[in-house]
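For clarity, every value in this text was computed on a predicted model and none was experimentally measured. FYI, side chains are in, hydrogens and waters are out, and symmetry mates aren't considered; it's all heavy atoms of this structure. Every chain is numbered from 1, with letters handed out A, B, ... down the list of sequences.
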Number of protein chains: 2
Amino acid sequence: MSPRQNLARPMESILEVATGLFSEAGYSGTTIRDIAKGVGVLPGSLYAHIETKEDLLLGIVEVGIDHFLEAAETIDRDATPSDRMRMLIRAHVEVVAENPQRTLVVFHQWRYLTGANRARILEKRARYEDIFRKIMQDGLTAGEFDSSLDPKIAVLSILGALNWTAEWYRPDGPKSAAVVSDQIATAVLSGVLTR
Amino acid sequence: MSPRQNLARPMESILEVATGLFSEAGYSGTTIRDIAKGVGVLPGSLYAHIETKEDLLLGIVEVGIDHFLEAAETIDRDATPSDRMRMLIRAHVEVVAENPQRTLVVFHQWRYLTGANRARILEKRARYEDIFRKIMQDGLTAGEFDSSLDPKIAVLSILGALNWTAEWYRPDGPKSAAVVSDQIATAVLSGVLTR
DNA sequence: CCTACCGATCGGTAGG
DNA sequence: CCTACCGATCGGTAGG
């Protein structure tokens, strides 16, 4: 990684470099010295901008999870449950596609947060997953979703498919986020069997 | 974690302790001293049994991925693609259920392997995923799977749902691996919409 | 943002 | 498996 002389916006540069390093080497595997080198300053100089290494992680994870929550809030509450689920899947994939590295940090590195930082992120994560659970319940109540499904496991399967996208989606790949999200939504909603 | 005096099988004890610590704190976040304390010996004593910290990780990850490969090989090659997919899903969930901590290490900590170690694990992982891709292709060819699906994305969605199980499945929870795997297989194969 | 540095801890080793 | 230790590196700080 070549150092960047982004002296105008030091904090932005720090967050960008840290996101890349945390996603590749993990929080514990990334040192303050690695980040400083990526930014193009000496290690001690970082502390003019950050308080601690953990605060840096918290900033990245919290901004990331907030993106998912905000995207979910744009969804039309009056649509049918299956349409809402489709829109939620699309919103999720678009957030992943916008910044897969940050998403990897959001879903894998939150474990290294401690105390109140960790609790706040877990609360937001639960809130996000509840949006899926609510739509699942509404779909079952409305008779749109298969009543033989276990709703908890169906939601966990959908979240699994979505969280996994951050591992393989490449913004410079052949498929747009819109196409990928439609294909995931179809696979999830209709299944793989021929109808 | 209380130290265990498993002096009869020191290597087994070391692997068990390391698996638990790597799954909770990550490879980089776990020190040789943490492992030694969990085993109940002094740090330097570990090196009577292991070569390096990375060899310890390699041992855990390779045994883990081998479990998935071996389970997949037991599947009846003469069954229909949809039956084979259902059996593969069940085999996967049973391996996860048998040892979720090891599975978390297999899917998240392999990144800390270097050089040839990393290459060998990635090769085995690709071989495992190819089993899913083969069944998907067979199902499309046989007309059992929906031809409007993107097969790559369908497989990635299934792998995502399955890989996610290690994050939430608890062997001491209310559902057996057989029940969970059937419910995941139903959700994946038939989708969530009412038929 | 740099110079210069702190005490703590890291993976690993020699010799027993 | 322990004693005793190595050089390297860690997150972070004081003073400029």
Subject >> A:Thr141-A:Asp138 side chain donor-acceptor pair, cut-off 3.5 Å >> reply: no
**OP:** Determine the minimum heavy-atom distance between A:Thr103 and A:Val95, stating which atoms define it.
**Re:** OG1-O, 4.1 Å
Subject >> Paired stretches of DNA chain D - 3 or more consecutive Watson-Crick or G-U pairs, each distance under 3.5 Å >> reply: C:1-16 with D:1-16
Original post:
Sub-3.5 Å donor-acceptor pair from the side chain of A:Ser13 to the main-chain atoms of A:Arg9, do we have one?
Top reply: no
**OP:** At under 4.0 Å between heavy atoms, which parts of nucleotides 10-16 of chain C does protein reach? Answer with one letter per nucleotide, 5' to 3': B base, S sugar-phosphate only, - none.
**Re:** BBBB---
Subject >> Integer-rounded Å distance: D:dA4 P and B:Leu42 CG >> reply: 11 Å
**OP:** Among A:His108, A:Arg102, A:Gln101, find the residue that satisfies the side-chain contact (heavy atoms from CB on, under 4.5 Å) test when tested with A:Ser23.
**Re:** A:Gln101
Subject >> Test applied, side-chain contact (heavy atoms from CB on, under 4.5 Å); reference residue, B:Trp110; option that passes from B:Ile65, B:Leu122, B:Leu58, B:Ile60 >> reply: B:Leu122
Between the side chains of [Y] and [X], is the shortest nitrogen-to-carboxylate-oxygen separation below 4.0 Å, so that they form an ion pair?
| X | Y | result |
| --- | --- | --- |
| B:Asp130 | B:Lys134 | no |
| B:Arg84 | B:Asp76 | no |
| B:Glu167 | A:Arg111 | yes |

Original post:
Considering only D:dC1, D:dT3, C:dC1, which nucleotide approaches the side chain of B:Ala48 most closely?
Top reply: D:dC1
